[in-house]
Asker: 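Below is the structure I would like to discuss, written out as structure tokens.
Values below: all heavy atoms of this structure, side chains included; hydrogens, waters and symmetry mates excluded. All of these numbers come straight from a predicted model, not from anything done at the bench. So that the names make sense, note that chain A is the first sequence line, chain B the second, and so on, each numbered from 1.
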Amino acid sequence: MSVRVRFAPSPTGALHIGGVRTAIFNWLFARHHSGKFILRIEDTDRTRSTEESIAEILDAMKWLGLDWDEGPFRQSDRLSIYQSYSQKLIQVGKAYRCYCTQEELEARRKGAEKLGKVYRYEGTCRNLKSPTTDKPYAIRLTTPEVGSIEVQDLIRGTITFDAKEIDDFIIQKTDGFPTYNFAVVIDDATMDITHVIRGDDHIANTPKQILIYEALSQEIPKFAHVSTILGSDKAKLSKRHGATSVVAYREMGYLPEALVNFLARLGWSYGDQEIFTKQELIEKFTLENVGKSPAVFNPEKLLWLNGWYIRNKPAEEIAELIIPFLKKKGIQVILDERLIKIVNILRERAKTLVELANSSDYFLVDEVKYEEAARKKFLTNEALPIFEALIERLSSLDKFTVPELQKIFGEITEKRGLKLVQIAQPVRVALTGGTVSPGIFEVMEILGKEKVIERLERAIREIS
RNA sequence: GGCCCCUUCGUCUAGAGGUCAGGACGUUGCCCUCUCAAGGCAGAAACACGGGUUCGAGUCCCGUAGGGGCCGCCA
């Protein structure tokens, strides 16, 4: 049978980075085996699930390029399916109605706790002869009292649980809704899921789920439990460690390639390789190379990777991507040769699209804003004659190109006995407003003769 | 507390009994250089601890410690 995997987020908030890594592993596994990747929305929590959250999840998945073959299915559409299966289990004697009230159960649990024991349902309703049909009831699975349940985990090997640890747990609530474990199993079974790849916080649920599969006489899928992503303090990654939602990273100027590459490498590896195209990830991804230990989220490495992709993607694509970021700053531009040139000289010093957009503004606005410290240090009386000489020489220059400009600067430094840095820095401040920029000749070439002279003249007025 | 999972540089990891324990991010120094980057070179930096098994253990076994997860009519 061909591989069928699923990603099943619950739409109770933003799509979390940890969840996305699980999605990536599932997606890669499906693509690697030419199988199917199924998207399922676990929205049975009616109070916390929102439509906005569903829309955001779908949006983020598309942005990351994690396309799905089936779905999105919603559990809320499938209630009758769960109920028909729970009824079937009652009929064949694998499940039973339980009339114990929540209050009663709560009291018994507290009693057990007082004795320092873990409460397990004692099977009060298990052998009820004639059920009182008018009282509300939950449905419990009849579970074995002895023996053990083995989970064959593709990442961790065999995990054994004692049957005594598992009581007759509820599969359908009094309100007719399935419990999580039951819904998951029915969904995975009816969707013919072959491999369940999910977070290791589900390990303890797995024996219960296996018991449901067995009661249903359904084939048990293969399980693979991936370790959690931790924050820098080794606690589970959460909002207090910084941004955790995919959308937040998009807004901070991260590229989807970088995020996918980074997340894929968190807990998975392929020798010493760090950079992977999506194609390579698909070819090389296997569960055997997924590690067992939890991984700490390392924002610096993500940033480095993002910078790598900014430097190495085609400049035209990067140029197109920064347009919305420029727009947010109130700068309207179109994708043209000039913008591509700007991106080309700026991108090796930017780690995010936001940085790139910020560093390009002096090319795109009419008037530069001087940084105060830079102005004070470099727009001085010593700079005046240099600016004046430059204006004179540049005015008569026909070819406003890097080699020509280099020549002119060479002449001026020689004549005045200066080092290049002594004139490059004041000019840089005059042209860009700051002390940091790409090579000054490249900047001048892109700015063009007119703009350069205009800004030098303005700098002279600023000094006087 | 019970059950379960995990443990190689600060971080991500390679390592499937014999390696000077390798790579990457970060970090330090140097080179390049008109600033800042990028790039190049060099360096510091790890097998949690204790017992076994073995000629030999990061690798296998058992403990200990530490971290994490689950113990709901939540998902």
Asker: Regarding A:K164, tell me which of base, sugar-phosphate or nothing describes its non-hydrogen contacts under 4.0 Å with the strands shown.
Answerer: nothing
Asker: Check every strand shown and say whether A:G267 touches a base, only sugar-phosphate, or nothing at a heavy-atom separation below 4.0 Å.
Answerer: sugar-phosphate
Asker: What I want to find out is whether A:R109 reaches A:E106 closely enough, with some N-O distance under 4.0 Å, to be called a salt bridge.
Answerer: yes
Asker: Any base atoms under 4.0 Å from A:S437, or only sugar-phosphate, or nothing? Heavy atoms, all strands.
Answerer: base
Asker: Holding to ring-ring contact (aromatic ring centres under 6.0 Å, His included), I want the full list of residues that pass it with A:F378, two or more places apart in sequence or in another chain.
Answerer: none
Asker: Rounded to the nearest Å, what distance is computed from the CD1 atom of residue A:I310 to the P atom of nucleotide B:rC36?
Answerer: 21 Å
Asker: Taking any heavy-atom pair under 4.0 Å as a contact, classify A:R156: base, sugar-phosphate, or nothing.
Answerer: sugar-phosphate
Asker: Where each residue is assigned the nucleotide of RNA chain B containing its nearest heavy atom, which of A:R21 and A:F161 is assigned the position nearer the 5′ end?
Answerer: A:F161
Asker: Can the positive tip of A:R126 be found less than 6.0 Å from the middle of the six-membered ring of A:Y96, inside 45° of the ring normal?
Answerer: no
Asker: Taking A:R120 first and then A:E165, would you say they form a salt bridge - that is, a charged N and a carboxylate O separated by under 4.0 Å?
Answerer: yes
Asker: For B:rC30, give the paired nucleotide (Watson-Crick: N1-N3 plus N6-O4 or O6-N4; G-U: N1-O2 and O6-N3; both under 3.5 Å), or none.
Answerer: B:rG40
Asker: Out of the candidates A:W304, A:Y249, A:F297, only one should pair with A:F262 under the ring pair (Phe, Tyr, Trp, His ring centres under 6.0 Å) rule; please name it.
Answerer: A:F297
Asker: Tell me the interatomic distance from A:D272, atom CG, to B:rG22, atom C1', rounded to whole angstroms.
Answerer: 6 Å
Asker: Quick one: what's the B/S/- string for nucleotides 63-75 of chain B, heavy-atom cutoff under 4.0 Å, read 5' to 3'?
Answerer: ----SSSSSSBSB
Asker: Using a 4.0 Å heavy-atom cut-off, does A:E274 contact any base of the nucleic acid, only the sugar-phosphate backbone, or nothing at all?
Answerer: base
Asker: Who pairs with A:K313 by side-chain hydrogen bond (donor to acceptor under 3.5 Å, both in side chains), at least two apart in sequence or on another chain?
Answerer: A:E257, A:E317
Asker: Grab the CG-P distance between A:L263 and B:rC25 for me, whole Å please.
Answerer: 19 Å
Asker: Restricting to pairs with a member in residues 406-429 of chain A, which pass side-chain hydrogen bond (donor to acceptor under 3.5 Å, both in side chains), not counting sequence neighbours?
Answerer: A:R393-A:E411, A:Q425-A:R428, A:R428-A:S437
Asker: Have a look at A:T160 and say if it touches a base, only the backbone sugar-phosphate, or nothing, with a 4.0 Å heavy-atom cut-off.
Answerer: sugar-phosphate
Asker: Sticking with atom P, work out how far B:rU59 lies from B:rU19, rounded to a whole angstrom.
Answerer: 13 Å
Asker: With a 3.5 Å limit on both atom pairs, tell me what B:rG66 is paired to, counting Watson-Crick and G-U wobble, or say none.
Answerer: B:rC6
Asker: Under 6.0 Å between the ring centres of A:Y180 and A:H202?
Answerer: yes
Asker: Please list, pair by pair, any protein nitrogen or oxygen found under 3.5 Å from a nitrogen or oxygen in nucleotides 31-34 of chain B.
Answerer:
unit_1	atom_1	unit_2	atom_2	d
B:rC34	O2	A:R428	NH1	3.3
B:rC34	O2	A:R428	NH2	2.8
B:rC34	N3	A:I440	N	3.1

Asker: In whole Å, measure the gap between the P atoms of B:rC6 and B:rC31 for me.
Answerer: 49 Å
Asker: Taking N or O atoms only and anything under 3.5 Å, show me the protein contacts with nucleotides 39-44 of chain B, one pair per line.
Answerer:
unit_1	atom_1	unit_2	atom_2	d
B:rG39	OP1	A:R311	NH1	3.4

Asker: Assess whether a salt bridge exists between A:D153 and A:K222, defined as any Lys/Arg side-chain N lying under 4.0 Å from an Asp/Glu carboxylate O.
Answerer: no
Asker: Checking side chain to side chain donor-acceptor pair (under 3.5 Å) for the pair A:R198/A:T206: CA distance, chi angles, key distance, verdict?
Answerer: CA-CA 11 Å; A:R198 64 195 351 177; A:T206 310; 3.2 Å; yes
Asker: Would A:E355 and A:R349 pass as an ion pair if we require N to O under 4.0 Å?
Answerer: no
Asker: Measure the acute angle between the ring planes of A:F285 and A:W268, then classify it against the limits of 30° and 60° as parallel, tilted or perpendicular.
Answerer: tilted
